[in-house]
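These values consider heavy atoms only, across backbone and side chains, with no hydrogens, waters or symmetry-generated copies. All residue numbers refer to positions in the sequence shown, counting from 1.
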Amino acid sequence: KAGAVCGPLLRCLAAERTVGLLGLAELGRHVAQRLLQLDFGVCGWSRRPKRIEGVECFDGANGLDAMLAKCGALVCLLPLTPETRGILDARTLALLPRGSCVINVARGAHVVEADLVAALDAGQLAHAYLDVFETEPLPAVHPFWSHPGISLTPHIAALTDPRTALPAVIRNLERLARGEPPEALVDHGAGGLDARDDPVLAEPDAPRLGRAPELLRVSRRQRAVRGAVDDPQPSTGVVRDFQQLAPGQQGGPGNDPGCK
């Protein structure tokens with residue numbers, strides 16, 4: 001712009017920046033490992049105690065406040081539950097160091113939108129990067145579109161790629177066929193849980209398996225579906241059928257809805 005003066009940009013080394021992660025399950029662990037490889041300091045918060053090499057881990061209500069005070073950047077990766085809805089509100093945003101940024105790639109309802117805008121306008125936050133929103137698609141008249149402190153992406157932080165999704169489906173079909181609980185079970189009261197990480201969920205007859213017994217019964221009734229269960233090599237039926245799909249039916253960035 002005419003008359004504008006460009007000054008030096010503020011730069012910091014990765015080692016001088018601490019990234020905080022809300023959520024330390026599968027996604028959180030993966031993100032933490034990548035950040036550590038880039039030499040960032042990493043801390044994280046979870047509902048229950050976790051231990052991750054190289055990550056300063058916090059848990060519980062008191063742990064959340066302590067973790068937020070350390071974050072130059074905060075990444076939300078939490079499941080949406082009654083306890084985590086609105087977790088990024090005026091109180092928690094005020095606990096971040098002044099000039100921090102927030103990245104939300106979890107669910108829009110984690111953020112109290114009016115409180116986020118107020119924190120940006122007051123300079124408490126330097127920027128917010130949002131991939132998810134309370135209302136999707138984001139209404140055309142929403143103030144996020146025009147706010148200079150907000151960058152938006154259209155719920156594409158994680159795309160479903162058939163090359164990686166199909167093996168996961170096959171593994172769970174095979175586990176169900178063997179009478180085992182599927183991987184990545186969801187506890188609707190607490191959010192996402194991996195049965196391998198929870199000794200209670202790992203028990204085949206555990207009461208917290210939720211719909212796993214029902215899914216197993218459905219799986220046995222539908223053994224002929226895609227030939228996946230009765231095939232001598234259980235995965236071949238699914239793979240064969242998948243490979244026969246027309247290119248336009250196989251998903252990918254062009255037609256994948258971007259579900260997480």
Take atom NZ of Lys70 as the centre, draw a 6.0 Å sphere, and report whether it contains more than 12 heavy atoms from other residues, nucleotides or ligands. no

Step through the shown structure and confirm whether more than 12 heavy atoms of other residues, nucleotides or ligands are within 6.0 Å of CD on Glu53.
-> no

Non-hydrogen side-chain atoms of [X] and [Y] separated by less than 4.5 Å:
X	Y	answer
Asp121	His147	yes
Leu74	Cys101	no
Leu116	Leu130	yes
Leu88	Cys76	yes
Leu21	Leu35	yes
Leu159	Asp161	no
Cys71	Thr18	no
His142	Glu113	yes

Hphob cluster co-occupancy, [X] + [Y], side-chain heavy atoms under 4.5 angstrom:
X	Y	value
Leu38	Leu77	yes
Val31	Ile103	yes
Ile87	Leu95	yes
Val132	Phe144	no
Val19	Met67	no

Within this structure, what is the [atom1]-[atom2] distance for the pair [X] and [Y], rounded to the nearest 0.5 Å?
X	Y	atom1	atom2	result
Asp115	Thr92	CG	OG1	8.0 Å
Ile52	Gln33	CD1	CD	8.0 Å
Leu78	Thr84	CG	OG1	5.5 Å
Arg29	Leu24	CZ	CG	7.5 Å
Arg171	Leu166	CZ	CG	10.0 Å

For His127, the ring pair (Phe, Tyr, Trp, His ring centres under 6.0 Å) test, sequence neighbours excluded, returns Tyr129

Sorted by chain and residue number, the ring pair (Phe, Tyr, Trp, His ring centres under 6.0 Å) partners of Phe133 (sequence neighbours excluded) come out as none

| field | Asp59 versus Ser46, side-chain donor and acceptor atoms under 3.5 Å | value | no

Are any of the side-chain nitrogens in Asp65 or Arg91 under 4.0 Å away from the carboxylate oxygens of its partner?
yes

Residues pairing under ring pair (Phe, Tyr, Trp, His ring centres under 6.0 Å) where one sits in residues 21-58, two or more places apart or in two chains, turn out to be none

